[in-house]
There are 2 protein chains.
Amino acid sequence: MIDLLARQSCCLSAQEISERLGESGRSVGLASVYRALELLHELALVQRVDLGDGNTRYEPIQPGGEHHHHAVCDRCGRVTAFEDRSLETALERLAGRLHHSISAHEVVIHGNCERCSERA
Amino acid sequence: MIDLLARQSCCLSAQEISERLGESGRSVGLASVYRALELLHELALVQRVDLGDGNTRYEPIQPGGEHHHHAVCDRCGRVTAFEDRSLETALERLAGRLHHSISAHEVVIHGNCERCSERA
DNA sequence: GCGGTAGTGAGATCGATTCTCAAATAATGG
DNA sequence: CCATTATTTGAGAATCGATCTCACTACCGC
Ligand SMILES: [Mn+2]
Ligand SMILES: [Mn+2]
Ligand SMILES: [Zn+2]
Ligand SMILES: [Zn+2]
């Protein structure tokens, strides 16, 4: 499972992880998936991603710190990843000013994806 | 209920809204609270806030556009609101570059609040 | 093999949200 | 006013992701 997650470029739900493992032969129960994810999260190897539909997703944390954020289409649900250096810079600067330690941050953008923007 | 929400400076869960309305005499069922919130959200009067504990919160959208974001203490759960102009600027600039319309954005910071940072 | 320990997952449980529907309330028209 | 129709409410059922339980399995050292 570790490897399956590591191979992902973007986030997956626990359900999806369990299904994919099943498809590829190595079936793993949902309970075990959640257990593993919790552990990986504590070890800072996996980050939780909450996009506001009722499903928590998980994605690997890159050792180098590179990461992206997500734009969600409120019409079709499609999730688009994006990176933005100046956004990250703003967040880094904010860290100093804030009376709050920062172990993670998450930026979620809502709107319509390219495809859904076209058709009225 | 509109007025109760409007009076809030920060987000409340549906549960909290129902409770507070009950305390102040005008009891309103949970179903009705959710109904009203959905409507207010469609009218762009209320914004959903998802902080990653299983509770969706809601807060009024200021007509002027002023708004804040949230830092969550992963130890005690306390929610701290913060504003940051340069973060907003970065998000505004991003809007142009992104192949995705933006109707809302949400920034959530995880870490430890001031109090929890002090005690080891 | 055998007892002990850690890991697994099917199914029970929980809790937030959504759905249903009968009752309450409001609006309409004579 | 009163009867009729339309709208709103909210208690409780249903849903569904996440978590918990616990019998069962796998593994380990002897
Ligand atoms: Mn970032
Ligand atoms: Mn903002
Ligand atoms: Zn779309
Ligand atoms: Zn705290």
Side-chain angles (χ1 to χ4, degrees), chain A residues 1-6 8 10-60 70 72 74-79 104 106 108 110, chain B residues 1-5 8 10-60 70 72-79 104 106 108 110:
Chain A
M1 174 181 143
I2 318 263
D3 34 319
L4 184 151
L5 252 180
Q8 298 308 315
C10 202
C11 47
L12 287 180
S13 70
Q15 195 74 70
E16 288 170 328
I17 293 172
S18 179
E19 281 168 14
R20 298 208 186 181
L21 286 174
E23 288 165 11
S24 70
R26 287 165 303 140
S27 143
V28 177
L30 248 189
S32 300
V33 170
Y34 278 112
R35 245 192 310 259
L37 287 172
E38 187 187 340
L39 183 59
L40 291 171
H41 180 251
E42 280 165 11
L43 296 174
L45 294 174
V46 158
Q47 158 148 44
R48 277 183 226 273
V49 176
D50 194 323
L51 301 181
D53 61 347
N55 296 59
T56 305
R57 289 138 205 260
Y58 302 84
E59 67 187 8
H70 302 91
V72 184
D74 290 326
R75 187 195 289 260
C76 74
R78 190 177 277 101
V79 175
E106 187 174 356
V108 179
H110 285 269
Chain B
M1 174 181 142
I2 318 261
D3 35 319
L4 183 152
L5 252 179
Q8 297 309 314
C10 202
C11 47
L12 286 181
S13 70
Q15 195 74 71
E16 289 170 328
I17 292 173
S18 180
E19 280 168 14
R20 298 209 186 180
L21 286 174
E23 287 165 12
S24 70
R26 289 164 303 142
S27 144
V28 177
L30 248 189
S32 300
V33 170
Y34 279 111
R35 244 191 312 257
L37 287 172
E38 187 186 342
L39 183 59
L40 292 171
H41 180 251
E42 280 164 10
L43 296 173
L45 294 174
V46 158
Q47 159 149 43
R48 277 183 226 274
V49 177
D50 194 323
L51 300 181
D53 62 346
N55 296 61
T56 305
R57 290 139 205 259
Y58 303 84
E59 67 187 7
H70 302 91
V72 184
C73 178
D74 290 327
R75 187 195 288 259
C76 73
R78 190 176 278 101
V79 175
E106 187 175 356
V108 179
H110 285 270

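What you see is a predicted model, and the numbers here were worked out from it, not measured in a lab.
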Sugar-phosphate only, base, or nothing, as touched by B/S27 at under 4.0 Å among non-hydrogen atoms: sugar-phosphate
Interatomic distance where CG belongs to B/D53 and P belongs to C/dG15 [whole Å]: 14 Å
Heavy-atom pair with the smallest gap, counting every atom of A/V28 and A/S18: O-OG, 3.0 Å
Nearest-angstrom distance from the residue atom CG of A/L51 to C1' of D/dG17: 15 Å
Integer-rounded Å distance: C/dT18 P and B/L39 CG: 14 Å
Nearest to side-chain heavy atoms of A/A14, which nucleotide of C/dT17, D/dA18, C/dA10: D/dA18
Nearest atoms (heavy-atom pairs only) where B/D50 meets A/G52: OD2-CA, 3.4 Å
Under 4.0 angstrom between B/Y34 side-chain N/O and C/dT18 OP1 or OP2: no
d(CG, A/N55; P, C/dT18) in whole Å: 13 Å
Heavy-atom side-chain contact between B/R57 and B/V79 under 4.5 Å: yes
Partners meeting salt bridge (charged side-chain N to carboxylate O under 4.0 Å, His left out) with A/R20 (sequence neighbours left out): none
Nearest-angstrom distance from the residue atom CD1 of A/I17 to P of D/dA18: 10 Å
Nearest heavy atoms of A/G77 and A/V72, plus distance in Å: O-CG1, 4.3 Å
Axis bend over the full length of the helix from C/dG1-D/dC30 to C/dG30-D/dC1, computed from five pairs that close each end, to 10 degrees: 10°
Pairwise 5' ranking along DNA chain C for B/E38 and B/G54, keeping only the more 5' one: B/G54
Atom of A/C10, atom of A/H70 and distance for their closest heavy-atom approach: SG-NE2, 3.2 Å
Rounded interatomic separation in angstrom, taking CG from A/L37 and C1' from D/dT19: 13 Å
Sugar-phosphate only, base, or nothing, as touched by A/T56 at under 4.0 Å among non-hydrogen atoms: sugar-phosphate
Separation of D/dA18 P from A/E16 CD (nearest whole Å): 11 Å
Heavy-atom closest contact (B/C11 atom, B/E16 atom, distance): O-OE1, 4.4 Å
Interatomic distance, B/Q15 CD vs C/dG15 C1' [rounded to whole Å]: 10 Å
